[in-house]
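What follows is a short report on a single structure.
Side-chain atoms are counted along with the backbone in the values below, which use heavy atoms only and exclude waters and symmetry mates. Everything numeric in this text was worked out from a predicted model, so none of it was measured.
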Amino acid sequence: METKRMIFVILITVLLSLSLPVRTDYVRPQPRKTLHFPWKPKHPSLPHQVHISLAGENHMRISWITDDNSAPSIVEYGTLPGQYTLSSSGETASYNYLFYSSGKIHHTVIGPLEHDTIYFYRCGGQGPEFQLKTPPGQFPVTFAVAGDLGQTGWTKSTLDHIDQCKYDVHLLPGDLSYADCMQHLWDNFGELVQPLASARPWMVTQGNHEKEKIPFFTDAFESYNARWKMPFEESESTSNLYYSFEVAGVHVIMLGSYTDYDELSDQYSWLKADLSKVDRKKTPWLVVLFHVPWYNSNHAHQGEGDGMMAAMEPLLYAAGVDLVFAGHVHAYERSKRVNKGKSDPCGTVHITIGDGGNREGLAQKYVITNKIS
């Protein structure tokens, strides 16, 4: 079991080191401009913005958008190119945001699928063929982790680096498109990430830039929930803003920094129940993601995670959580094993990885005194 744990640590560390310089004398170039997406005519029935996510044991959710409301929510798939021996039908969603109306958003679950296998698939009965690879059923397993992506030249650089890695699942701790109420930017983001997100499962949680609430006009997270459906029902959650899933020997919990988290909240009750079900013999690794970091020595967003930390850190400590990934702060930082603000050999390692390429640039100023003693 210890060997398996070491394999996981090495793979995560190598992947992080590929894209996250830790030299103190490193000076990163200035932020790059927002990407421009020229309008291209599309047939209204053809799928676009295709992305996939895990949907319970041995199943995958295929999500895409069409401009034709009559397009079917069917996915045909098989293990050979152009030979679709299986098919599944799914559900649809749509939403209006002020003067914007989304296309028809399709979510179709396929499976059961074999581990570590390439499948070829087609959405809606027509259009281009895509291919995906399912995660392995046992160690080793590799995660790509990047938060606060946005849509700049640096975003493209981050995605290009990830594409060069042989990874199994992408984890994104919030702040996806930086649409910030401009809904066409959600469509642009879907096109930008499709080459990667249609081939490997993208498991995401929400950040502050997904909120997009306009009082009296729109609810919070309306766009995010419609477009990026995660396996909350499969993990017995009542909200798309928090859920869990398992890959190989890893139990991953995605929490919501922007939904209630106090001891009387639904999220707190769900987390407590989910942690109680974790079998460390089956999943020796326990990893948690959320957007706002609890341990942060950067000047940016100081103290914003304190309330959630006060409520939920005791649950994570009691369960022996190994790693926490957060975003929000546009920088990289890794803590010691910590609990209650102090070094603790039984505590959790916290990693902030919030510089995926967003338009707001780097958070480069750190406080001199570290909170951890």
Starting from the C-alpha separation in whole Å, work towards a yes-or-no answer on salt bridge (Lys or Arg N to Asp or Glu O under 4.0 Å) for Lys133 and Asp116. CA-CA 6 Å; Lys133 181 178 175 294; Asp116 203 17; 2.5 Å; yes
Do His107 and Glu91 pair up side chain to side chain, a donor and an acceptor below 3.5 Å, judged on atom types alone? no
Taking it one step at a time, do Glu191 and Gln49 satisfy side chain to side chain contact (heavy atoms under 4.5 Å, CB included)? CA-CA 5 Å; Glu191 298 290 354; Gln49 303 179 50; 3.9 Å; yes
Would you check if the side chain of Gln194 reaches a backbone N or O of His48 as a donor-acceptor pair within less than 3.5 Å? no
Starting from Tyr261, can I reach Val252 by hopping between I/L/V/M/F/W/Y residues whose side chains sit under 4.5 Å apart? yes
Could you state the interatomic distance from OG1 (Thr108) to CH2 (Trp64), rounded to the nearest 0.5 Å? 3.5 Å
Is it true that Gln267 and Thr259 share a donor-acceptor pair across their side chains at a distance under 3.5 Å? no
Short question: side chain of Ser237, backbone of Tyr242 - any donor-acceptor pair under 3.5 Å? yes
Distance in Å, Tyr97 OH paired with Met182 CE, rounded so as to fall on 0.5 Å steps: 10.5 Å
For Arg280 and Asp322, the nearest pair of non-hydrogen atoms, with its separation, is NH2-OD2, 2.9 Å
Residue Lys211 excluded, over 12 heavy atoms near NZ under 6.0 Å: no
Let me see the working for Leu323 and Val288 under side chain to side chain contact (heavy atoms under 4.5 Å, CB included), right down to the final yes or no. CA-CA 6 Å; Leu323 281 171; Val288 176; over 6 Å; no
Out of curiosity, Asp219 CG to Lys213 NZ, how far, rounded to the nearest 0.5 Å? 7.0 Å
Residue pair His251 / Phe245, side-chain heavy-atom distance below 4.5 Å: no
State whether the side chain of Arg122 and the backbone N or O of Tyr84 hold a donor-acceptor pair below 3.5 Å, judged by distance alone. no
Test your reading of the model: is there a side-chain donor-acceptor pair from Asp344 to the backbone of Asn339, 3.5 Å cut-off? no
Met203 and Tyr243, any side-chain heavy atoms less than 4.5 Å apart: yes
Could you state whether Leu176 and Ile65 fall into the same hydrophobic cluster, counting links through intermediate Ile, Leu, Val, Met, Phe, Trp or Tyr residues with side-chain heavy atoms under 4.5 angstrom apart? yes
Over all atoms of both residues, closest heavy-atom pair of Gln206 and Gly256: OE1-CA, 3.0 Å
List the steps and the verdict of side chain to side chain contact (heavy atoms under 4.5 Å, CB included) for Val204 and Tyr224. CA-CA 10 Å; Val204 306; Tyr224 169 80; 3.6 Å; yes
Out of curiosity, Ile118 CD1 to Thr134 OG1, how far, rounded to the nearest 0.5 Å? 9.0 Å
Report yes if some heavy atom in the side chain of Val367 is under 4.5 Å from a heavy atom in the side chain of His299; otherwise report no. yes
Looking at Arg200 and Asp168, is any side-chain nitrogen of the basic one under 4.0 Å from a carboxylate oxygen of the acidic one? no
With no hydrogens and no angle check, just 3.5 Å: does a side-chain donor-acceptor pair link Ser73 and His106? yes
Would the distance check show the side chain of Tyr178 and the main-chain N or O of Arg359 forming a donor-acceptor pair, the cut-off being under 3.5 Å? no
Return yes when atom CD of Gln126 has more than 12 non-hydrogen atoms of other residues, nucleotides or ligands closer than 6.0 Å, and no otherwise. yes
Just wondering, more than 12 heavy atoms not from Glu129 lying within 6.0 Å of its CD? yes
Check for a donor-acceptor pair, side chain of Gln151 on one end and backbone N or O of Leu185 on the other, with a separation under 3.5 Å. yes
Quick one: OG1 on Thr348 to CG on Leu316, what's the gap to the nearest 0.5 Å? 6.0 Å
I'd like to know if the side chain of Thr92 and the backbone of Ile105 have a donor-acceptor N/O pair within less than 3.5 Å. no
Polar contact flag, side-chain donor to acceptor under 3.5 angstrom, Thr218-Glu212: no
Kindly give the heavy-atom pair with the smallest separation between Ser235 and Asp274, and that separation in Å. O-OD1, 4.5 Å
Close side-chain approach of Ile110 to Arg61, heavy-atom, < 4.5 Å: no
Quick one: do Met308 and Tyr317 end up in the same hydrophobic cluster if we chain Ile, Leu, Val, Met, Phe, Trp and Tyr together by side-chain heavy atoms under 4.5 Å apart? no
Answer yes if Ile353 and Val349 sit in the same cluster of Ile, Leu, Val, Met, Phe, Trp and Tyr residues linked by side chain heavy atoms under 4.5 Å apart, and no otherwise. yes
4.5 Å side-chain heavy-atom contact, Ser63 and Trp228: no
Can you say whether the rings of Phe189 and Trp186 are parallel (under 30°), tilted (30 to 60°) or perpendicular (over 60°)? perpendicular
Is a side-chain donor-acceptor pair under 3.5 Å present for Asn358 with His209? no
Where the side chain of Ser89 meets the backbone of Ile74, is there a donor-acceptor pair that is under 3.5 Å apart? no
Measure the CG-OG1 distance between Leu289 and Thr205 for me, rounded to the nearest 0.5 Å. 8.0 Å
When you compare the side chains of Thr66 and Asp68, does any donor N or O come within less than 3.5 Å of an acceptor on the partner? no
Give a yes or no on whether the backbone of Glu114 and the side-chain of Tyr119 come within a donor-acceptor separation of less than 3.5 Å. yes
Under 3.5 Å side-chain donor-acceptor pair for Asn296 and Tyr366: no
Which atom names give the shortest non-hydrogen contact between Leu172 and Ala146, and what distance separates them? CG-O, 3.2 Å
Do Tyr295 and Glu333 have side-chain atoms, one donor and one acceptor, less than 3.5 Å apart? no
Compute the ring centroids of Tyr121 and Phe130, then answer whether they are less than 6.0 Å apart. yes
Membership question, hydrophobic clusters at under 4.5 Å side-chain separation (ILVMFWY): are Leu315 and Leu264 in the same one? no
Heavy-atom side-chain proximity of Leu113 to His59 below 4.5 angstrom: no
Are any non-hydrogen side-chain atoms of Leu98 and Phe217 less than 4.5 angstrom apart? yes
Geometric class of the His301/His328 ring pair [parallel <30°, tilted 30-60°, perpendicular >60°]: parallel
State, to 0.1 Å, how close Pro195 and Ser198 come at their nearest heavy-atom pair, and which atoms those are. O-OG, 3.8 Å
So which heavy atom on Pro284 is nearest to which on Phe139, and how close? CG-CE1, 3.8 Å
Quick check against the 3.5 Å criterion: does Glu210 have a side-chain atom that pairs as donor or acceptor with the backbone of Gly207? yes
Passes side chain to side chain contact (heavy atoms under 4.5 Å, CB included), Tyr167 versus Ile162? Steps please. CA-CA 8 Å; Tyr167 71 99; Ile162 291 174; 3.5 Å; yes
May I ask you to check whether Trp202 and His51 place their ring centres under 6.0 Å from each other? no
Measuring only between side-chain heavy atoms, which start at C-beta, is Leu255 closer than 4.5 Å to Trp270? yes
